[in-house]
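What follows is a set of notes on a single structure, which appears directly below.
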Number of protein chains: 2
Amino acid sequence: MLTIKEIAAMAKVSRSTVSRALNNSGYVSEEARKRIDQVIEETGYAPSEQAKSLRTKKTKVIGVILPTIQTETASKIVTGLDKELSQHGYQILLANTNLEKEKELEFLDLLKARQVDGIILIATNTEQALLQKINALKIPVVLIGQEAEDVASVTYNDYHASMEITAFLIEKGHQRIAFIGVDETDRAVGYLRKKGFFDEMAAHTLIVEENWVQRAVFDIDSGHQAMEKIITNSTEKPTAVFAVTDRLAVGAMSYLKQNGLRIPEDIAMISIGASEMSQYVDPALTTMDYQNELAGEKAAKQVLSLIADPSGKKNVVLDYRLIIRDSV
Amino acid sequence: MLTIKEIAAMAKVSRSTVSRALNNSGYVSEEARKRIDQVIEETGYAPSEQAKSLRTKKTKVIGVILPTIQTETASKIVTGLDKELSQHGYQILLANTNLEKEKELEFLDLLKARQVDGIILIATNTEQALLQKINALKIPVVLIGQEAEDVASVTYNDYHASMEITAFLIEKGHQRIAFIGVDETDRAVGYLRKKGFFDEMAAHTLIVEENWVQRAVFDIDSGHQAMEKIITNSTEKPTAVFAVTDRLAVGAMSYLKQNGLRIPEDIAMISIGASEMSQYVDPALTTMDYQNELAGEKAAKQVLSLIADPSGKKNVVLDYRLIIRDSV
DNA sequence: GCCATTTGTGGAATCGATACCATATTTATC
DNA sequence: GATAAATATGGTATCGATTCCACAAATGGC
C-alpha cells in the first residue's frame, strides 16, 4: 500500500508538508502543493483512515445497534441515519442483535473498542444494566424508540398515539375493543402502548375482557395466532382490534379473512407503523405513521451534536399522524 | 482511555507480555497471566482495534455497498451477510449509494482507505469502469446479483427463472403476456429477465405486442403507471402480466383493482421476489423465491474464503423456486 | 555438572498518519 | 537597512497496539 512517506518522496517534500497539504492546515507553498496534488492524482493515493484515527482519535464511524434489519421500521431508520450521517462524512458500522438483549451490552463494548465516534441504539428495553453501561462508556449514545434518564433519545409519543388510536375507535362507535401487544419489558411498544389503550378505555368507562388482550412477538404469524385466541376464547367477540404493529395487524387480518369475518364490517382493525404493506393489504389498513426515517435523521443530528458538545443531551419526541384507510 | 501500557504497569509486566497474553502467542507464565487477567477484569480494558489493525493490517470489517436498504431484498441479504460474518468476528460497514452509480466507485475507494478486509457489492450494473476499479483495488470483492468476468459473485439464475415463469404462464393457457421490466443496464434484473421472457415466448412462437412491454423503476408507483400504460395503450389486452419485481406487481395489481379488473380471472399476475408483502396482498401473489438471505450467506462465505486465499474466485449461482399462490 | 533446549520477559522497531517545534526564508514596517 | 511578522519546511515525538530479537532463567539429557 502507498503511504504518505512515499508520496512525500515522490513530491520531494517531507511527510509533514504532505500532511499539511492534505488537511489544509499550516502553510504550504503553491509549488509544493501542485507537485503533491499531481503525485496524488497519478498514484491514486488515499491516506489510511486507520493511522489517521489512531492519531486524531476520530474515526468518522457511528455504530448502530439494532434488533433486526428485517423490518421496515429498522430499514427506514437506518436510511434516515445514513442520509444525515453521510452528509457529514460519517459511515455506519452495523451491529445486529437478533433481538438478544445481552448482545446489546456486548456490542456497546465492541463498538467502544472500535472507537466509534458515537452510537445509535435502536432500543428494545431500558434495563438498568444497559443504562449503566451506556453512561460508563464515555461515548455519545442516542437511543431510538425508548426514553431513559440521562441518555439522549429520539422517541415516538407511544402513550399518546395509543390513546389517540383508541379514542378514534371509540369515536367510530366501537365499545368492545381487543388488543394485541408485545412483552412489556419493551417499555415503548409493550408497556406504553398498552397503557395508552387501557387508560383511554378507562376514561370512557369501557371494559376490556381479559381474553381480548393477547401478547404476541414481532412477526406476522404471531398476530395470526393472537387473533385466533381472541376469537376462540372470548365469550363476547370484540368489534375492533388494536394491534401494536402493522405486522401483527396483517397476521390478525389473515386469520379473520380465513374465517370468513369481514373487515371492517365484522371486526375493525387498526395498528401502528404505516408500513408499505399496510397500504396494499385488503382492506387497506388504518395505521399510525411514526415517520421512522425522520427519527433516524433526528437521531443522527443529535449524535453529531453530542460529538461536538457532549453536554447537550436531549429527549426529542416525534409527532405521529393517523392514516385513515379502510380497515376501520 | 486505558491502554496496554497502563495495563502492563498495573500488572507489573511489560507491554510485550500483556500483548502475548492477550493473543495467546509466545510464552507467558501462569502467574503473569493471572495478574494480567485480573487487571483486565477489574479495569474492563479492551485493546484498541485502531492500533491493532494498523499493525496487523486486518480490520475485521467488511464493507457492504448497496443501492438502498429500503427493500426486502437488500435487508434480507444484509441479514444473511451479518449472520455469517458475525460468526467469524467480522462487522459490516454500510455504504448506501441511493441508486447513484458513481457512488459505487466512490465507496470502493472510501472502503479501501478504511482498509476493510473485503467488500460485498450488491450490484446494479457491470460497467467497465466498475470492474476495472474492482480489480485495481487488491481487496477481495464479491458481487451479489450480477455476474462479471474476473470478479467473484453470487447470482441468481435470472435468465432461467424468467423462462420458467413465462413457461408457467403459457402452460396455464396464457398466450398474450405483458411484461413490466426495468432499465437494461441492470444486466440481471433488466436485461436477463427480459431476455428470458422473450426467448421463452419465441420458443412457443407467441408474439408480444409492443405496448405490452413497459419499463419501470424500482417502486410500487412505477408498477402502477406501467400497468396503466399497458391497459390504455394496447389494442388487445394481455391475459397475464409478468413483473420483474414484487413491488412492480403490487403496483400493477393496485391499478387493476382500481379499474375493476379481476385477478387472476381477467388478468393474471406473476413476479419475482417472494417478499413478505406478496403473501398478504389480495390475491396472494404467485412469485419466484430467490432466497436472498442465503445469497447473503454465500457471499459472506466467499468473501471470507477470498480473504484467506484471494485466488479462489468463484461464481456461485443460486437456485430459485416458484411459489404458486392465487394470482395466476 | 555441563551444554542444549525450553520457557519467560522486556526493549525497541514498526505500522501510517498528525502535530508540535525549531529553523530558514521571504515580506512588510518604519 | 534593521527588526518584526508572515510564510514555508522538515525533524521528531506520538497515538496503541504487535512482533522480532536478545537475553535470562529454568529444565532436561547424558
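A, B, ... follow the sequence lines: proteins, then strands. Residue 1 opens every chain. What you see is a predicted model; the values in this text were computed from it and never measured.
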Here the distance between atom P of D:dA26 and atom CD of B:Glu31, to the nearest Å, is 11 Å

Think A:Ser29 has a side-chain N or O under 4.0 angstrom from the OP1 or OP2 of D:dT9?
-> yes

Just compare D:dT9, C:dT9, C:dA17 and give me whichever is closest to any side-chain atom of B:Val28.
-> C:dT9

Please identify each residue that fulfils salt bridge (Lys or Arg N to Asp or Glu O under 4.0 Å) with A:Lys12, with sequence neighbours left out.
-> none

Can you tell me if the side-chain N/O atoms of B:Ser19 get under 4.0 Å from OP1 or OP2 in D:dT18?
-> yes

What closest approach, in Å, do B:Val151 and B:Val141 show between heavy atoms, and which atom pair accounts for it?
-> CG1-O, 4.1 Å

Smallest heavy-atom separation, B:Tyr90 atom then B:Val61 atom, equals CD2-N, 3.9 Å

Taking the side chain of B:Ser14 as heavy atoms from C-beta outward, which of D:dA6, C:dA19, C:dG10 is closest to it?
-> C:dG10

With respect to the phosphate group of D:dG16, does any side-chain polar atom (N or O) of A:Lys57 fall under 4.0 Å of OP1 or OP2?
-> yes

Looking only at side-chain N and O atoms, does B:Thr17 come under 4.0 Å of OP1 or OP2 in C:dG10?
-> yes

Got B:Ile65 and B:Ile122 here, is their nearest side-chain heavy-atom distance under 4.5 Å?
-> no

So do the side chains of A:Phe218 and A:Thr71 get within less than 4.5 Å of each other, counting heavy atoms only?
-> no

For A:Arg35 and D:dA8, what is the distance between atoms CZ and C1' respectively, to the nearest whole Å?
-> 12 Å

Consider the side chain of A:Lys52, meaning its heavy atoms from C-beta on, and name the nucleotide among D:dA17, C:dA17, C:dG10 that approaches it most closely.
-> C:dA17

How many Å lie between CG on A:Leu22 and C1' on C:dA17, as a whole number?
-> 9 Å

Which of the following nucleotides, C:dT18, C:dA17, D:dG16, is nearest to the side chain of B:Ala51?
-> D:dG16

Rounded to whole angstrom units, what separation is found between the CG atom of B:Leu54 and the P atom of C:dG16?
-> 7 Å

To the nearest angstrom, how far is B:Lys5 atom NZ from C:dA12 atom C1'?
-> 13 Å

d(CG, A:Asn23; P, C:dG16) in whole Å | 17 Å

Calculate the interatomic distance between A:Leu2 atom CG and C:dC15 atom P; express it in whole Å.
-> 14 Å

Calculate the interatomic distance between B:Arg15 atom CZ and C:dT9 atom P; express it in whole Å.
-> 17 Å

Any N or O donor-acceptor pair linking the side chain of A:Arg20 to the base of D:dG10 at under 3.5 Å?
-> yes

Presence of donor-acceptor pair under 3.5 Å, side chain of B:Ser16 and base of C:dG11 | yes

Phosphate OP1/OP2 of D:dT7 contacted by A:Tyr27 side-chain N/O (<4.0 Å) | yes

